[in-house]
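Note sheet for the following structure.
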Amino acid sequence: MTDIIFTKTFSVPDEYSPKPADKYVPDWYKNLESYFGGEKKPSGDGQTTGTIKRCMPVFDAITGGYVIPTYVDIFVSQREIFDAATNEPTGKKFPWYEWPSFSPLGFHPIEQAPAHPNRKELISEAQYTKWHNPWSIKTPKGYSCLFLPPMHRDNIMTIFPGVVDTDTYTLNVEFPFMLTEPTFNGLIPAGTPIAQVIPFKRDSWSMNMGGEKEVQEGLKIQRSLLSRYYHVYKDKYRVKKEYK
């Protein structure tokens, strides 16, 4: 098994340490029935009654890698913007962040990414917010990490995805983020998943176009899928992933 090392670089409570992503499975997924109607049987018209909970690619995405949670409460409110010349309210607001300790946030000017699609309704007077991550990460030679918002989760803080070569760069990776609801008011509690970390081995790739061989291979898989109601991909094609 390949090792990934998380090192705490400033003091935060141990309960907010990174953990394998299967420790952070979202409630909507845990509470979902595996088969609609609650019964493992065909639908009556020859179709399966399996829900998304039976989809192994979704399961592998939710449980892949490691999750870094927030380590302090963040309270978000909306503050009025006043005209600099008249000191009158402009009708625009921007998110205001407060926290009890640890100084968890920094800020970047909008000009660094004025047209980023995650910007949404963010007004020009506001800034991009950055989460100070206390964890440095080290992977073996040849391995990098993909950082992204926790998958298949209702994330109020959506980090900008990125790839870092964590075999050579072992300083803390910080997480610029946006609110998915620009007008959000309320508490983001400590322990909220903020980043999913997927380690992967780097390689060089050359793209090619498939032909008849690949078509026939696909048809063979399709016939296999059509022969059974349940677990064909899981039993015949999926490779188990482990993150401990």
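Keep in mind that the numbers below use all heavy atoms, side chains included, and drop hydrogens, waters and symmetry copies.
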Check the pair T139, T166 against side-chain hydrogen bond (donor to acceptor under 3.5 Å, both in side chains), reporting the backbone distance first and the verdict last.
-> CA-CA 6 Å; T139 50; T166 45; 2.7 Å; yes
Between K236 and H231, is a side chain to side chain contact (heavy atoms under 4.5 Å, CB included) present by the stated rule, with each step listed?
-> CA-CA 8 Å; K236 298 184 69 172; H231 312 308; over 6 Å; no
Decide yes or no on side chain to side chain contact (heavy atoms under 4.5 Å, CB included) for W135 and S17, but give the supporting numbers first.
-> CA-CA 9 Å; W135 301 95; S17 299; 3.6 Å; yes
Decide side chain to side chain contact (heavy atoms under 4.5 Å, CB included) for T2 and K201; before the verdict, give the C-alpha distance in whole Å, the side-chain angles of both, and the deciding distance to 0.1 Å.
-> CA-CA 10 Å; T2 306; K201 189 174 183 179; over 6 Å; no
Kindly indicate, with the supporting measurements, whether the criterion side chain to side chain contact (heavy atoms under 4.5 Å, CB included) is fulfilled by V173 and I137.
-> CA-CA 8 Å; V173 177; I137 299 173; 5.7 Å; no
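Distance alone, capped at 3.5 Å, is enough to place a donor-acceptor pair between the K53 side chain and the K30 backbone. Counting only distance, with no hydrogens or angles, the side chain of S34 and the backbone of R54 share no donor-acceptor pair below 3.5 Å. T158 places no side-chain N or O within donor-acceptor distance of the main-chain N or O of T180, the cut-off being under 3.5 Å. One N or O on the side chain of T49 and one on the backbone of K41 form a donor-acceptor pair closer than 3.5 Å.
Partners of D3 according to the salt bridge (charged side-chain N to carboxylate O under 4.0 Å, His left out) rule, which considers only residues two or more places apart in sequence or in another chain, do not exist here. For F75, the ring pair (Phe, Tyr, Trp, His ring centres under 6.0 Å) criterion is met by no residue, not counting sequence neighbours. Under the ring pair (Phe, Tyr, Trp, His ring centres under 6.0 Å) criterion, W131 pairs with Y71, not counting sequence neighbours. Among residues two or more places apart in sequence or in another chain, the salt bridge (charged side-chain N to carboxylate O under 4.0 Å, His left out) test is passed with E98 by none.
Exactly one of F147, Y128, F177 qualifies for a ring pair (Phe, Tyr, Trp, His ring centres under 6.0 Å) with F160. That residue is Y128.
A continuous path of hydrophobic side-chain contacts links I4 to Y16 [ILVMFWY only; heavy atoms under 4.5 Å]. Cluster membership check: V58 does not share its hydrophobic cluster with Y243, using side-chain heavy-atom separations under 4.5 Å among Ile, Leu, Val, Met, Phe, Trp and Tyr. Residues I188 and V12 fall within the same hydrophobic cluster, defined by Ile, Leu, Val, Met, Phe, Trp and Tyr side chains chained together at heavy-atom separations under 4.5 Å.
For CD of Q112, the number of neighbouring non-hydrogen atoms (other residues, nucleotides, ligands) closer than 6.0 Å is greater than 12. For W28, the CH2 atom sits in a packed shell: over 12 heavy atoms of surrounding residues, nucleotides or ligands are nearer than 6.0 Å. Counting heavy atoms of neighbouring residues, nucleotides and ligands inside a 6.0 Å radius, atom CE of M207 does not exceed 12 of them. Residue N31 places its CG atom among more than 12 non-hydrogen atoms of other residues, nucleotides or ligands, all under 6.0 Å distant. Applying the 6.0 Å contact sphere to NZ of K23 captures no more than 12 heavy atoms from other residues, nucleotides or ligands.
We find the CG-CD distance between D154 and E181 to be 7.0 Å, quoted to the nearest 0.5 Å. Rounded to the nearest 0.5 Å, atoms CZ (F107) and NZ (K130) are 10.5 Å apart. Once rounded to the nearest 0.5 Å, the distance linking CD of Q78 with CZ of F184 reads 9.5 Å. In this structure, Y233 OH and S224 OG are separated by 13.0 Å, a value rounded to the nearest 0.5 Å. One finds the CG atom of D27 at 8.0 Å from the CZ atom of R153 (value rounded to the nearest 0.5 Å). Remark: T63 OG1 to Y29 OH distance equals 7.5 Å, nearest 0.5 Å.
Nearest heavy atom pair, residue H132 against residue G106, reads NE2-N, 3.4 Å.
L219 shares a hydrophobic cluster with V215; the chain of contacts runs through ILVMFWY side chains whose heavy atoms sit under 4.5 Å apart. Hydrophobic cluster membership of L148, counting Ile, Leu, Val, Met, Phe, Trp and Tyr whose side-chain heavy atoms lie under 4.5 Å apart directly or via other members: L146, M151, V163, I198, F200.
Relative orientation of the Y230 and Y35 rings is perpendicular, given thresholds of 30° and 60° on the angle between their planes.
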